[in-house]
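Below, chains carry the letters A, B, ... as their sequence lines are ordered, and counting in each starts from 1. Only this structure's heavy atoms are used, side chains among them; waters, hydrogens and symmetry mates stay out.
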2 protein chains.
Amino acid sequence: MSSDPTKLSRGRPKTLDRDHVLDVAMEAYWKGDIGSLSLNEICRRSGVSKPGLYREFSNEDGLMKAVIVRYQEQVLNPVQQMLQSENSFRETLDSLVSFATSTGCQHDSPMGCLFTKMRESRTQLGEATRAQVYLLEEQALAAFRQWVERSKAKGEFAADMSSEFAATYIDAQISSASSQLARGEDPKIVKKILSVAFSMLG
Amino acid sequence: MSSDPTKLSRGRPKTLDRDHVLDVAMEAYWKGDIGSLSLNEICRRSGVSKPGLYREFSNEDGLMKAVIVRYQEQVLNPVQQMLQSENSFRETLDSLVSFATSTGCQHDSPMGCLFTKMRESRTQLGEATRAQVYLLEEQALAAFRQWVERSKAKGEFAADMSSEFAATYIDAQISSASSQLARGEDPKIVKKILSVAFSMLG
DNA sequence: AAATTAAAATACCGAGCGGTATAAAAATGA
DNA sequence: TCATTTTTATACCGCTCGGTATTTTAATTT
């Protein structure tokens with residue numbers, strides 16, 4: 001908004017690499033216990049001083065919100081795109097299951113879903129982060145519901161249930177699968193569970 | 001083993017009420033964030049001094065293990081009994097679903113299952129507690145598997161899957177439901193989800 | 001009554017936490 | 001050259017944590 005990214009700053013040039021810090025923090029929260037991971041530890045791992053981190057993100061809540069927003073952009077939005085494709089319900093469902101039971105979307109990303117992890121540890125999050133997670137929840141449910149509605153219109157959704165409930169059901173199963181993966185369960189088993197749980201849908 | 005419960009102790013008589021402390025701790029862990037609940041807080045709530053608590057339970061790990069053992073005795077064992085009843089698979093399944101989606105088994109117990117909660121926060125538990133949780137996991141899976149096997153023999157289990165996998169599937173669904181309840185979701189919705197997820201079993 | 005035993009409560013320990021005051025360092029404009 | 005601006009790193013604050021050393025209290029045994 002106000003600052004030109006090229007070079008018309010006055011003071012000492014900043015060396016803090018925001019993206020690097022976010023990468024480190026995202027992986028840390030993704031792999032570890034969100035509630036037990038301290039800011040000090042993030043500083044240590046990213047090689048950034050504590051005041052530097054506070055200037056960039058205000059506080060722990062700010063960092064975590066930035067992390068979940070980044071996760072949304074990098075991981076969740078592609079899934080949402082997938083749900084809007086013109087493929088059949090079954091094809092999209094298979095893609096969804098494959099995505100949910102494999103690593104996030106990058107080279108060496110941890111098992112499970114950071115968003116699911118944050119949902120589960122709601123009570124340990126700051127205000128801003130919790131609000132963002134809540135927003136993502138609503139987006140996910142809406143995306144599932146619209147997908148089901150479109151599939152119903154195409155006659156590809158067989159189960160006798162409201163789109164609202166179907167969305168809740170799909171969300172619950174995907175979250176559960178992500179949770180199991182994060183706990184270290186065998187991805188093949190988790191995938192099989194999802195297949196059975198979705199077998200009556202279409 | 002060595003001490004007679006009546007009265008042949010020598011020193012100052014103990015006033016610490018072990019059961020009271022366990023009641024307080026169980027409710028605290030059940031309702032709150034296990035990883036964030038401090039021993040200091042348990043002491044405060046139970047009105048017991050910290051050294052008193054350490055004398056009785058050795059350390060935090062000892063207290064948490066005592067709590068989960070108590071939970072097993074009070075809540076989990078009755079469920080295991082239920083799985084061994086002579087009722088039909090459907091009847092038992094309905095009982096299981098009703099149990100899982102209502103309060104634990106007592107008057108004012110919180111939503112969800114303490115065992116499930118501890119499974120989810122494995123990494124934050126001490127050694128002894130984690131070992132006990134692992135033991136309970138194996139017991140639960142074995143109980144489910146034997147239940148399915150007996151139901152198959154009676155021709156009441158319709159789905160085409162191994163008893164091993166069926167047990168894993170049932171366990172995953174029950175855990176997921178408990179998790180949703182603990183997060184505050186509507187028990188009616190959760191029950192409906194379980195019904196759908198179990199609709200193809202028998 | 002004196003010695004002994006065990007449980008009680010107070011007060012403390014080192015460590016780590018989220019967060020910040022402070023001052024040195026590195027760039028700019030005059 | 002020198003003041004100004006901005007970022008940096010060190011060192012610190014108050015607090016809570018899990019766990020314990022210490023002393024007082026209340027009972028039994030001799």
Inset, instruction - To the nearest Å, give me how far apart CD (B/Glu56) and P (D/dG19) are. - result: 16 Å
Inset, instruction - Indicate whether OP1 or OP2 belonging to D/dC17 is found under 4.0 Å from a side-chain N or O atom of B/Ser38. - result: yes
Inset, instruction - Taking only the side-chain heavy atoms of B/Arg55 (C-beta and beyond), determine which of C/dT5, D/dC17, C/dA8 contains the nearest atom. - result: C/dA8
Inset, instruction - Using heavy atoms and a sub-4.0 Å distance, could you list which residues of residues 119-134 of chain B are near DNA chain C? By number, please. - result: none
Inset, instruction - With A/Lys192 as the cation and B/Phe165 as the aromatic partner, state whether NZ or CZ is under 6.0 Å from the six-membered ring centre and within 45° of the axis. - result: yes
Legend entry - Whichever of B/Leu37 and B/Pro13 has its nearest DNA chain D nucleotide further upstream toward 5': B/Leu37
Legend entry - Gap between atoms CG and P, on A/Leu63 and C/dG18 respectively (whole Å): 11 Å
Inset, instruction - Rounded off to whole Å, could you give me the CZ-to-C1' distance for the A/Phe57 and C/dG19 pair? - result: 16 Å
Inset, instruction - Keeping the roles fixed (side chain from A/Lys117, backbone from A/Trp30), state whether a donor-acceptor pair exists under 3.5 Å. - result: yes
Legend entry - B/Asp171/B/Arg119 salt bridge by N-O under 4.0 Å criterion: yes
Legend entry - Phosphate contact (D/dT16 OP1 or OP2) by B/Asn40 side-chain N/O below 4.0 Å: no
Legend entry - Check ion pair A/Arg44-A/Glu41 (N to O, under 4.0 angstrom): yes
Inset, instruction - Return yes if the base of D/dT6 and the side-chain atoms of A/Arg10 contain a donor-acceptor N/O pair under 3.5 Å, otherwise no. - result: no
Legend entry - SB check A/Lys14 A/Glu56 (cutoff 4.0 Å): yes
Inset, instruction - For B/Thr15 and for A/Glu41, find the nucleotide of DNA chain C with the closest heavy atom, then tell me which residue's nucleotide is more 5'. - result: B/Thr15
Inset, instruction - Can you tell me the distance, in whole Å, between the CZ atom of A/Arg12 and the P atom of D/dT7? - result: 10 Å
Legend entry - B/Glu137/B/Arg122 salt bridge by N-O under 4.0 Å criterion: yes
Please tabulate the protein-to-nucleotide N/O contacts below 3.5 Å involving nucleotides 20-23 of chain C, giving atom names and distances.
none

Legend entry - Polar side chain donor-acceptor pair, B/Gln180 to B/Ser176, under 3.5 angstrom: yes
Legend entry - Residues in side-chain contact (heavy atoms from CB on, under 4.5 Å) contact with A/Ala140, at least two apart in sequence or another chain: none
Legend entry - Donor + acceptor pair across side chains of B/Ser179, A/Glu120 (<3.5 Å): no
Legend entry - Closest listed nucleotide, where the reference is the side chain of A/Glu60 and the choices are D/dC17, C/dG19, D/dA27: C/dG19
Inset, instruction - Look at A/Asn59 and C/dG18 and indicate whether a side-chain polar atom (N or O) is within less than 4.0 Å of OP1 or OP2. - result: no
Legend entry - Side chain of A/Ser49 (C-beta onward), nearest among D/dA9, C/dC17, D/dA26: D/dA9
Legend entry - Spacing of A/Leu39 atom CG relative to C/dC17 atom P, expressed in whole Å: 9 Å
Legend entry - Nearest-neighbour nucleotide for the B/Lys14 side chain, D/dG18, C/dA7, C/dG29 considered: C/dA7
Inset, instruction - Answer yes when B/Arg90 and B/Glu156 have at least one side-chain N-carboxylate O distance shorter than 4.0 Å, and no when they do not. - result: no
Inset, instruction - Compare side-chain N and O positions of A/Arg44 against OP1 and OP2 of C/dC17 and report whether any pair is under 4.0 Å apart. - result: yes
Inset, instruction - Rounded off to whole Å, could you give me the CG-to-P distance for the B/Leu53 and C/dA8 pair? - result: 11 Å
Inset, instruction - In whole angstrom, give the distance that lies between atom CG of A/Asp61 and atom C1' of C/dG19. - result: 14 Å
